[in-house]
Amino acid sequence: MDVLYLLEFLIFFVSIFCSFGFLVKWYMPLFSKRPLNRNKSVRYVLGLLPIGSLGIILFTLKMLASFDVVNSFFYISMYMVLGLAGLFLGVTLMSCIFDLSWLDDALNLNNKAALIAVVGGFLGLTLIYSGANIGNGPGWWCVVFTGGLGLVAWLVLGLVINSCTKTFERITVERDIGCGIRFGFYLLASGIILARACAGDWTSFSVTLFEFMDGWPVLVLAGILILVELYYIHRAKLNKTNNAIFGSIFLGVAFIVIAIAIVYLMPPTSENPIYGAVLEVFWRLHI
């Protein structure tokens, strides 16, 4: 038991170090006066993102987390800095894998399409981590494992969408604001669905993998976005324009409404008739 406590303190202090580095790396450029053409509204939006995300994580930890976390100052603090460290990882991966940089594209180049996509991605990552904290579990590794599942699924689907529609290039190079709006709302909506897939009481690694199938509707949402983007690509070729802001906002809001409806109306995997049979197989195999 002492080893587990020591490991928790180690995770806590490593997360503090990573979180401090993340906040310094995030806020220092926002206060810099160079380049001179930086838009103040972009600075304000990016500056509020970590604060809003911490508020979402704190609410989750106080109201929906494991019974031994909700009233513990130490555990709430640990999972908050762990969340910041996770956001640091997610934003870094988004920059590397999606080629979507909050610093270069959104801040330095004043790319509004990239800014909207970054905001949606940041909030989507926040919700995935928050969802991983919902439910009872024996330790921090449960949060890391379930949150990792959500992060991997979120990134892979983003790559699939881009492979079909060249979304990243249209946002960063062509500065297609409509595409940025649609993709940003998708990143947030998919985060809502995957947060639900990450949530729940911990049983085992294998059962968690099975319960993660709650997030299957995100595949449908990604498919819808691909069809929508292909339509806009075709329309842009005919009209020689990619300006579709109001229609994109409508579609983005529709993505959010669909995601929320899925979370509230769709029964969880545990209520599926085949769940008990599958779970019994897991127990018999001692998985």
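This one's a predicted model, so the numbers in the text were calculated from it and none came from an experiment.
Cation-pi check for R182 over Y232 is met; the charged atom lies under 6.0 angstrom from the ring centroid and within 45 degrees of its normal.
Between L89 and L151 the shortest side-chain heavy-atom distance falls below 4.5 Å. Using a 4.5 Å cut-off on side-chain heavy atoms (C-beta onward), F122 and P50 make contact. Two residues are said to be in side-chain contact when any heavy atoms from C-beta on lie closer than 4.5 Å; L49 and W26 meet this criterion. Contact check for L155 versus L159: no side-chain heavy atoms found under the 4.5 Å cut-off. Within the 4.5 Å cutoff, the side chain of I57 has heavy atoms near those of the M80 side chain. L46 has its side chain within reach of W102: a pair of non-hydrogen atoms, C-beta onward, lies under 4.5 Å apart. Residues S15 and I11 form a side-chain contact, since some pair of their non-hydrogen atoms from C-beta on lies under 4.5 Å apart. Using a 4.5 Å heavy-atom threshold, the side chains of V118 and L100 count as touching.
No more than 12 heavy atoms of other residues, nucleotides or ligands shown are found within 6.0 angstrom of CZ on F20. Within a 6.0 Å sphere centred on NZ of K112, heavy atoms belonging to other residues, nucleotides or ligands number more than 12.
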Please test I233 against K237 for side-chain contact (heavy atoms from CB on, under 4.5 Å), starting from the C-alpha separation and ending with a verdict.
CA-CA 6 Å; I233 291 172; K237 290 179 180 178; 4.0 Å; yes
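Shown here for I76 and L61, the closest heavy-atom pair between the two residues is O-CD1, 3.6 Å. Closest of all the heavy-atom pairs between D99 and T172 is O-CG2, 3.3 Å. For the pair L188 and L127, the tightest heavy-atom approach, listed with the atom from each and the gap, is CD1-CD1, 3.6 Å. Residues I97 and F168 share a closest heavy-atom pair of O-CE1, 3.8 Å. The two residues G137 and W202 have their closest heavy-atom pair at CA-CB, 3.9 Å. Closest heavy-atom contact between E211 and D201: OE1-O, 4.0 Å.
Here the OG1 atom belonging to T92 is positioned 10.0 Å from the CG atom belonging to L87, to the nearest 0.5 angstrom. The OG1 atom of T165 sits 6.5 Å away from the CD1 atom of I226 when rounded to the nearest 0.5 Å. Here the straight-line distance linking atom SG of C18 with atom CG of L84 works out to 10.5 Å at 0.5 Å rounding. Remark: L82 CG to I16 CD1 distance equals 11.0 Å, nearest 0.5 Å. Here L194 contributes atom CG and L149 contributes atom CG; the two are 10.0 Å apart, rounded to the nearest 0.5 Å. Going from atom NZ of K62 over to atom CG of N71 covers 5.5 Å, rounded to the nearest 0.5 Å.
In this structure a side-chain-to-backbone donor-acceptor pair under 3.5 Å is present from S190 to L187. Although no hydrogens or angles enter the test, the distance criterion places no donor-acceptor pair under 3.5 Å between the side chain of S248 and the main chain of I181. No donor-acceptor pair under 3.5 Å is formed between the side chain of N162 and the backbone N or O of G158. Checked by atom type and distance alone, the side chain of S72 never pairs as donor or acceptor with a backbone atom of V69 at under 3.5 Å. Checking side-chain atoms of S95 against main-chain N and O of V91 turns up no donor-acceptor pair under 3.5 Å. Within the 3.5 Å criterion, the main-chain N or O of G47 finds a donor-acceptor partner in the side chain of Y27.
If you chain together hydrophobic residues whose side chains sit under 4.5 Å apart, L54 and F17 never meet in one group. Linking Ile, Leu, Val, Met, Phe, Trp and Tyr whenever their side-chain heavy atoms come within less than 4.5 Å puts L221 and Y264 in one cluster. In this structure, Y231 is a member of the same hydrophobic cluster as I224, with clusters built from ILVMFWY side-chain heavy atoms closer than 4.5 Å. Hydrophobic clustering (side-chain heavy atoms under 4.5 Å, transitive across Ile, Leu, Val, Met, Phe, Trp, Tyr) groups W216 together with F212. I262 is connected to V253 through a chain of hydrophobic side-chain contacts under 4.5 Å among Ile, Leu, Val, Met, Phe, Trp and Tyr, so both are in one cluster.
Applying side-chain contact (heavy atoms from CB on, under 4.5 Å) to L115 and the options V42, L107, N110 leaves one that passes, V42.
Under the 30°/60° scheme for interplanar angles, the aromatic rings of W154 and F98 are found to be tilted.
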Got a list of side-chain donor-acceptor pairs under 3.5 Å for residues 138-145, not counting sequence neighbours?
none

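With respect to the salt-bridge test (charged N to carboxylate O, under 4.0 angstrom), the residues E229 and R170 qualify.
Sequence neighbours left out, the pairs with a member in residues 61-82 that pass ring-ring contact (aromatic ring centres under 6.0 Å, His included) are F9-F74, F12-F74.
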